[in-house]
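Below is one structure, written out as structure tokens; comments come after it.
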Amino acid sequence: MPLIIDEAVFGKPLKVSGTITLEEVTDEEGAGDSSTEDIGDAGDPDADDQETSGDTEDPEKAPETDAVDTGEVSDTENDGNTEPIGYVKLRTMMNIRDKNSLDSEIVTIYKKDTIAPALQYCSNSWVRIACEEAECGYAYVCNTDNVYLIIGKSIYTVQKGDTIKSIAADLLGDEERYTEIKALNEFSSNVIAEGQVLLIPEV
């Protein structure tokens, strides 16, 4: 027998006579009536719901001039060499990484014109360099299409009284090879200064 309540008695104490049957509502029947629905932080004015896009410029990070297709490697290339086989000079500020891949961690950042000893020329155009900032003593820098680095066989620090021709004569055996030193270092003139470090080509 259904329970019938007269609207006239709403808000007044009631006395129930007879039998009232209560039935449990199943999960399926009550699915649309849940009061515990997860609504996230939409109603919380203090919730930290601001997403970062990931492309905000970090002033401490070098521009990704090495963000080019350099090929992926499954293992870090390392032939074990610890002695310089050449030297590289950065044409721009560069991220120095712990592996020869853009997916690897940045160890440090080198400024434009930094010169570093090259320990290995990797197969995917990266160079393994001596790096004091790395715990292992070496790191990697990208040089796809020879865009980012100038590579020389050795280096020379200009002494008082040196000229670019005298350096060519002393180190390369022919003063006329000064043009090679000039071209390698991308100089627009023959002027050099005491203390300046030059890249020297193959003898």
Side-chain angles (χ1 to χ4, degrees), residues 48-160 162 164 167-168 170-172 180-187 192-203:
D48 184 12
D49 59 354
Q50 297 296 318
E51 283 191 27
T52 56
S53 63
D55 57 359
T56 302
E57 184 175 352
D58 183 349
E60 297 300 322
K61 184 177 179 182
E64 284 292 352
T65 52
D66 54 358
V68 292
D69 183 10
T70 59
E72 295 183 1
V73 290
S74 56
D75 297 309
T76 303
E77 288 191 52
N78 183 357
D79 60 8
N81 178 54
T82 58
E83 296 299 322
I85 59 174
Y87 290 83
V88 299
K89 182 177 181 180
L90 278 62
R91 285 192 173 104
T92 182
M93 183 168 64
M94 293 289 288
N95 294 322
I96 309 302
R97 299 178 180 272
D98 65 351
K99 298 178 182 178
N100 53 316
S101 168
L102 292 178
D103 297 328
S104 59
E105 295 294 325
I106 297 173
V107 174
T108 187
I109 298 170
Y110 281 171
K111 296 179 180 179
K112 178 183 178 181
D113 295 331
T114 298
I115 294 177
L119 305 179
Q120 179 183 358
Y121 301 115
C122 301
S123 62
N124 62 347
S125 299
W126 288 65
V127 181
R128 185 167 65 89
I129 61 174
C131 178
E132 294 179 355
E133 293 83 357
E135 291 184 8
C136 60
Y138 61 83
Y140 297 79
V141 61
C142 176
N143 192 35
T144 298
D145 298 327
N146 295 319
V147 171
Y148 306 117
L149 308 176
I150 306 171
I151 298 176
K153 183 62 178 177
S154 60
I155 55 174
Y156 177 76
T157 303
V158 177
Q159 306 297 313
K160 185 176 181 180
D162 281 343
I164 196 168
I167 293 171
D170 292 343
L171 299 182
L172 303 177
E180 297 177 39
I181 297 176
K182 181 178 175 181
L184 179 62
N185 289 274
E186 300 182 344
F187 291 162
I192 54 176
E194 183 179 359
Q196 187 174 8
V197 180
L198 307 179
L199 291 177
I200 305 300
E202 192 87 39
V203 176

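- Panel note: side chain Gln159, backbone Thr157; a donor-acceptor pair is recorded below 3.5 Å.
- Between the side chain of Asp145 and the backbone N or O of Val147 there is no donor-acceptor pair closer than 3.5 Å.
- Looking only at distances, no side-chain donor or acceptor of Arg128 sits under 3.5 Å from a matching main-chain atom of Lys99.
- Under the 3.5 Å distance criterion, the side-chain polar atoms of Glu105 are left unmatched by any main-chain donor or acceptor of Asp98.
- In this structure, a donor-acceptor pair under 3.5 Å is absent between the side chains of Asn143 and Tyr121.
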Note to self: Please determine whether side-chain contact (heavy atoms from CB on, under 4.5 Å) holds for the pair Ile164 and Lys182, giving the CA-CA distance in whole Å, both sets of side-chain angles, and the decisive distance to 0.1 Å.
What the structure shows: CA-CA 8 Å; Ile164 196 168; Lys182 181 178 175 181; 4.0 Å; yes

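- Of the N and O atoms on the side chains of Asp170 and Tyr156, not one donor lies less than 3.5 Å from an acceptor on the other residue.
- A distance-only check finds no donor-acceptor pair linking the side chain of Glu132 to the backbone of Gly137 [under 3.5 Å].
- In this structure, the side chain of Asn100 does not engage the main chain of Thr76 through any donor-acceptor pair within 3.5 Å.
- Ile181 is listed as a side-chain neighbour of Leu172, based on a closest heavy-atom distance under 4.5 Å.
- Side chain of Asn185 to main chain of Leu198: no donor-acceptor pair is present (N/O by atom type, distance under 3.5 Å, no hydrogens or angles).
- Defined by atom type and a distance below 3.5 Å, a donor-acceptor pair is missing between the side-chain atoms of Gln120 and Tyr140.
- In this structure, Glu135 places its CD atom where only 12 or fewer heavy-atom neighbours from other residues, nucleotides or ligands lie under 6.0 Å away.
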